[in-house]
Amino acid sequence: MSVYFSGCFQRVFGTYPLQGQGLKSAVHTAAEVGYRAFDTAQWYGNEAALGDAIRDLGVDKDELLITTKVHPENMAADRFFASVEQSLRDLQLDAVDVLLLHWPPGDRSVEPSLSLLQEAHRRGYTKHIGVSNYTSQMMRQAVKHLDVPLVINQIEFHALLDQRRLIQASGETGIPLASYCSVARGEVFNYPIFTNIGNAHGKTAAQVALRWILQQGVSINTMSTKRVNMQSNFDIMDFVLSSVDMARIQLLTETNYRISTAQVTPYAPTWDAPLD
Ligand SMILES: NC(=O)c1ccc[n+]([C@@H]2O[C@H](COP(=O)([O-])OP(=O)(O)OC[C@H]3O[C@@H](n4cnc5c(N)ncnc54)[C@H](OP(=O)(O)O)[C@@H]3O)[C@@H](O)[C@H]2O)c1
């Protein structure tokens, strides 16, 4: 079973774009709410701030799940390991729990950077390895290439985007999925269906949007600066959406609203087409 599906790690607190004191304050509030899994990246420029925040939490590091991601510019043999060693120093850890490749190399071959990731695992820099922003085809290529299992493919996943091809690939390859932009950075709140369904359960629109993700076997990353929203995003284990409500929300994926487009990031591969 993937580490993200044990205990409370199905709900990860994301740290982008938090920095400095704002990050520390948010991480401490999130820990009070109950979060024990935290997600950062070399790209976010906040690993040192997260390291300080974790040190001062008063929670045993063994109880935490810390994920970081290698920046695409560091995915060459002469930079990869030095960059991970710097991440470990910044995070004040001997090893991270999960090391991800932040982006695939566009549409180029995934094998070289996967080999570097596997070598980082062999060297003991990380307990587990994973990827982010992989397409379904890349997931299939990865399992053929690697000896070590990938514990996650962290991808944009929310109710306004059809990602059923990734769900299929996850079933085939055994690579679990985790969401980011789980409330589409607030865009889902423009659709009254979430509030309407939530009213029947005594739950918020955000909780319905997140529960819809979770019920597809996808673990969740969310970020908030507000305690009330952190609490809302955490309290999603005590209700169940009916198959009818799941299907009604699924219809919204036809919107195909994608945040991580090639315009936003030069590393974006050609994404999976929606399922017919
Ligand atoms: N792997 C990747 O390439 C990648 C890309 C993007 C993000 N990520 C990771 O995923 C994490 C989450 O993604 P994200 O932050 O981009 O998107 P997100 O979670 O969809 O959106 C965050 C925004 O939604 C608001 N929000 C959160 N919970 C809410 C709630 N219950 N009610 C109302 N508003 C709410 C927050 O505002 P308030 O502060 O006002 O609550 C914040 O502005 C990031 O922090 C990062 O760790 C990874």
Side-chain angles (χ1 to χ4, degrees), residues 4 9-19 22-23 25-27 29-30 33 35 37-47 49-50 53 65-73 75 91 96 98-106 130-135 138 150-161 163 166 176-191 194-195 198 203-214 218-236 257-262 264-269 271:
Y4 290 99
F9 298 155
Q10 269 175 302
R11 292 150 294 169
V12 176
F13 188 76
T15 61
Y16 177 79
L18 303 169
Q19 300 286 335
L23 179 144
S25 165
V27 165
T29 307
V33 163
Y35 288 92
F38 296 93
D39 177 85
T40 181
Q42 294 173 351
W43 200 332
Y44 302 167
N46 63 12
E47 289 172 307
L50 181 60
L65 186 82
I66 307 300
T67 301
T68 195
K69 317 184 193 78
V70 180
H71 193 290
E73 301 292 320
M75 289 184 206
L91 288 163
V96 282
V98 192
L99 185 66
L100 308 186
L101 300 177
H102 203 150
W103 284 91
V131 293
S132 183
N133 296 302
Y134 265 35
T135 63
M138 290 168 171
L150 293 172
V151 296
I152 214 71
N153 178 19
Q154 188 187 113
I155 34 90
E156 180 173 347
F157 197 105
H158 50 72
L160 307 182
L161 184 62
Q163 294 286 38
L166 289 179
L177 301 176
S179 69
Y180 71 73
C181 293
S182 315
V183 292
R185 298 204 173 138
E187 185 68 18
V188 298
F189 303 128
N190 293 325
Y191 296 82
F194 298 101
T195 304
K203 291 288 179 183
T204 65
Q207 287 172 320
V208 172
L210 299 179
R211 185 73 207 180
W212 177 82
I213 297 172
L214 204 61
V218 177
S219 62
I220 290 175
N221 279 276
T222 54
M223 190 289 298
S224 175
T225 55
K226 301 189 179 79
R227 181 186 289 266
V228 64
N229 290 346
M230 292 177 197
Q231 190 77 57
S232 184
N233 298 344
F234 195 75
D235 292 342
I236 54 172
Y257 175 82
R258 191 185 285 277
I259 294 166
S260 288
T261 60
V264 173
T265 169
Y267 306 104
W271 297 116

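Since this is a predicted model, take the numbers as computed values, not measurements. Hydrogens, waters and symmetry mates play no part in the numbers below; they use all other heavy atoms, side chains included. We count ligands from 1, going down the list as the structure has it; atoms in each ligand are counted the same way.
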Where does the angle between the aromatic ring planes of Tyr44 and Tyr16 fall among parallel (under 30°), tilted (30 to 60°) and perpendicular (over 60°)? tilted
Classify the angle between the aromatic ring planes of Phe157 and Trp212 as parallel (below 30°), tilted (30 to 60°) or perpendicular (above 60°). tilted
Using side-chain contact (heavy atoms from CB on, under 4.5 Å) as the criterion, list what pairs up with Ala53, not counting sequence neighbours. Leu23, Lys24, Val27, His28
Can you sort out the partners of Ala37 under side-chain contact (heavy atoms from CB on, under 4.5 Å), two or more places apart, ordered by chain and number? Phe9, Val12, Leu65
Under a 3.5 Å threshold, I'd like every N/O contact between ligand 1 and protein atoms, with atom names and distance.
{"from": "ligand 1", "atom 1": "1 (N)", "to": "Ser132", "atom 2": "OG", "distance (Å)": "2.8"}
{"from": "ligand 1", "atom 1": "1 (N)", "to": "Gln154", "atom 2": "OE1", "distance (Å)": "3.0"}
{"from": "ligand 1", "atom 1": "3 (O)", "to": "His102", "atom 2": "NE2", "distance (Å)": "3.3"}
{"from": "ligand 1", "atom 1": "3 (O)", "to": "Asn133", "atom 2": "ND2", "distance (Å)": "3.0"}
{"from": "ligand 1", "atom 1": "8 (N)", "to": "Tyr44", "atom 2": "OH", "distance (Å)": "3.4"}
{"from": "ligand 1", "atom 1": "13 (O)", "to": "Cys181", "atom 2": "N", "distance (Å)": "3.3"}
{"from": "ligand 1", "atom 1": "16 (O)", "to": "Arg185", "atom 2": "NE", "distance (Å)": "2.8"}
{"from": "ligand 1", "atom 1": "16 (O)", "to": "Arg185", "atom 2": "NH2", "distance (Å)": "2.9"}
{"from": "ligand 1", "atom 1": "20 (O)", "to": "Ser182", "atom 2": "N", "distance (Å)": "3.3"}
{"from": "ligand 1", "atom 1": "20 (O)", "to": "Val183", "atom 2": "N", "distance (Å)": "3.2"}
{"from": "ligand 1", "atom 1": "20 (O)", "to": "Ala184", "atom 2": "N", "distance (Å)": "3.4"}
{"from": "ligand 1", "atom 1": "20 (O)", "to": "Arg185", "atom 2": "N", "distance (Å)": "2.9"}
{"from": "ligand 1", "atom 1": "28 (N)", "to": "Asn233", "atom 2": "ND2", "distance (Å)": "2.9"}
{"from": "ligand 1", "atom 1": "31 (N)", "to": "Asn233", "atom 2": "OD1", "distance (Å)": "2.9"}
{"from": "ligand 1", "atom 1": "32 (N)", "to": "Asn229", "atom 2": "OD1", "distance (Å)": "3.4"}
{"from": "ligand 1", "atom 1": "39 (O)", "to": "Thr225", "atom 2": "N", "distance (Å)": "2.8"}
{"from": "ligand 1", "atom 1": "39 (O)", "to": "Thr225", "atom 2": "OG1", "distance (Å)": "2.6"}
{"from": "ligand 1", "atom 1": "40 (O)", "to": "Lys226", "atom 2": "NZ", "distance (Å)": "2.4"}
{"from": "ligand 1", "atom 1": "41 (O)", "to": "Ser224", "atom 2": "OG", "distance (Å)": "2.5"}
{"from": "ligand 1", "atom 1": "41 (O)", "to": "Asn229", "atom 2": "ND2", "distance (Å)": "2.8"}
{"from": "ligand 1", "atom 1": "45 (O)", "to": "Thr15", "atom 2": "N", "distance (Å)": "3.4"}
{"from": "ligand 1", "atom 1": "45 (O)", "to": "Tyr16", "atom 2": "N", "distance (Å)": "3.1"}
{"from": "ligand 1", "atom 1": "45 (O)", "to": "Tyr16", "atom 2": "O", "distance (Å)": "3.0"}
{"from": "ligand 1", "atom 1": "47 (O)", "to": "Thr15", "atom 2": "N", "distance (Å)": "3.4"}
{"from": "ligand 1", "atom 1": "47 (O)", "to": "Asp39", "atom 2": "OD2", "distance (Å)": "2.8"}

Using salt bridge (charged side-chain N to carboxylate O under 4.0 Å, His left out) as the criterion, list what pairs up with Arg185, not counting sequence neighbours. none
Give a yes or no on whether a salt bridge exists between Lys69 and Asp39, defined as a side-chain N under 4.0 angstrom from a carboxylate O. yes
